[in-house]
Amino acid sequence: MDITDVLESLKIGKISISDAKKLLSLYSIEKIENFAQIDMGRKYRKGIPEVIFAERKTIDEIKKIIVKVMEKSDCVLISRIQKKDYSKIVKFVGAKKLRIRDGKNTTTILIHKSSLKKNGGKVGIVTAGTSDIGVAEEARLTCEAMHCDTITTYDVGIAGLHRIFPIIKKFIESDVDTIIVAAGMEGALASVVSSLVNIPVIGLPTSVGYGYGEKGVASLASMLQSCSLGLSVVNIDNGIGAGAVASNIANRVRRR
């Protein structure tokens, strides 16, 4: 349907105002000074808010995008913020009277206008080690941006396998809809978790490791080669991707 069709359908009562809003959002692309085109309709199409990849952007570019996005949206994620820009962005957002959620050891922040509702699904997030926390926190912020409730437990890798069993029990008792497992080194924890539960597990390999298979390569290969069914895998350090797919699954489950 083009815009005219949407408006005519609304006029004759064929679709609701809510449906019209969703359809019109498909055409909402914001262009910012010829360097960025913002997909304002993504949240309506996919349930995933706009994400600003900040690693190779200047601080001025990031600020302009934040302002434009927040004119029409209730939240935005900023990922891979450069260390030299982190405090500047936090200060800028505070001056705009916007709220910030951040996480431990992560370069990602969630900017939002008002309290985020937790009316979606429930996601469990677990890491193998403390070095994996930053990527896991990126996934957590993505889940919260998509209105999911999260249960996090960190540093329970297979070097002490007994540590994972109380966590699995907690996830099952809490009725989580999906689980994200962030792990570096050999990445075996994702297979272990997947073998113990009957819900989807998202493997999140991290760039933790050295020697042969360094920088997450061994972890990614191990997760992709897993014998445990029910395990899906995202790219190395892709916390936002893991959070997005886990939340889409969880939110879909809760709508039924």
Side-chain angles (χ1 to χ4, degrees), residues 51 55 77 79-80 102-108 121-146 148-174 176-250:
V51 181
E55 187 172 273
L77 284 159
S79 70
R80 301 298 179 94
D102 57 9
K104 184 178 180 181
N105 300 332
T106 184
T107 56
T108 297
K122 190 176 294 185
V123 179
I125 305 175
V126 60
T127 73
T130 55
S131 297
D132 307 312
I133 291 176
V135 178
E137 286 285 272
E138 183 176 275
R140 178 184 64 81
L141 290 171
T142 305
C143 292
E144 292 186 0
M146 296 174 67
C148 283
D149 192 9
T150 58
I151 300 175
T152 60
T153 302
Y154 299 149
D155 193 24
V156 290
I158 66 164
L161 187 59
H162 60 284
R163 297 177 297 180
I164 192 60
F165 297 109
I167 307 310
I168 295 298
K169 183 178 179 181
K170 179 181 179 180
F171 284 162
I172 293 173
E173 290 175 343
S174 300
V176 299
D177 302 299
T178 186
I179 299 172
I180 297 172
V181 181
M185 299 300 286
E186 84 288 16
L189 183 63
S191 293
V192 172
V193 172
S194 180
S195 72
L196 295 172
V197 298
N198 65 346
I199 59 176
V201 174
I202 313 301
L204 173 53
T206 68
S207 56
V208 176
Y210 50 87
Y212 187 78
E214 65 177 349
K215 298 179 181 178
V217 173
S219 178
L220 174 63
S222 176
M223 291 183 187
L224 289 173
Q225 294 279 52
S226 176
C227 290
S228 179
L229 300 178
L231 171 65
S232 296
V233 186
V234 298
N235 208 350
I236 299 169
D237 289 340
N238 189 9
I240 285 181
V245 69
S247 296
N248 266 341
I249 293 170

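Hydrogens, waters and symmetry mates play no part in the numbers below; they use all other heavy atoms, side chains included.
- In this structure, a donor-acceptor pair under 3.5 Å is present between the side chains of Ser191 and Ser226.
- In plain terms, the two heavy atoms of Ser219 and Gly187 that are nearest each other are OG-CA, 3.5 Å.
- Of all the heavy atoms in Thr178 and Pro200, the pair that sits closest is OG1-O, 2.8 Å.
- Lys104 places no side-chain N or O within donor-acceptor distance of the main-chain N or O of Ile133, the cut-off being under 3.5 Å.
- Judged by distance alone, the side chain of Arg163 and the main-chain N or O of Gly157 form a donor-acceptor pair under 3.5 Å.
- Of all heavy-atom pairs between Glu186 and Ile158, the closest is OE2-CD1, 2.8 Å.
- Results of the side-chain contact (heavy atoms from CB on, under 4.5 Å) test with Val176 over Ile125, Asp149, Val197, Ile151 single out Ile151 as the only residue that passes.
- Minimum interatomic distance between Gly121 and Asp177 (heavy atoms only, all atoms of both residues): CA-OD2, 3.3 Å.
- Leu189 and Ala183 get closest at one heavy-atom pair: CB-CB, 4.4 Å.
- Electrostatic pairing of Glu173 and Lys170 does not count as a salt bridge here, judged by no charged N lying under 4.0 Å from a carboxylate O.
- Ser194 and Val201 make their closest contact through CA-CG2, 3.8 Å (heavy atoms, listed as atom of the first residue, atom of the second, distance).
- Within a 6.0 Å sphere centred on CD of Gln225, other residues, nucleotides and ligands contribute 12 heavy atoms or fewer.
- Checked by atom type and distance alone, the side chain of Glu138 pairs as donor or acceptor with a backbone atom of Gly239 at under 3.5 Å.
- Using a distance-only test at 3.5 Å, with no hydrogens or angles considered, no donor-acceptor pair links the side chain of Thr127 to the main chain of Tyr154.
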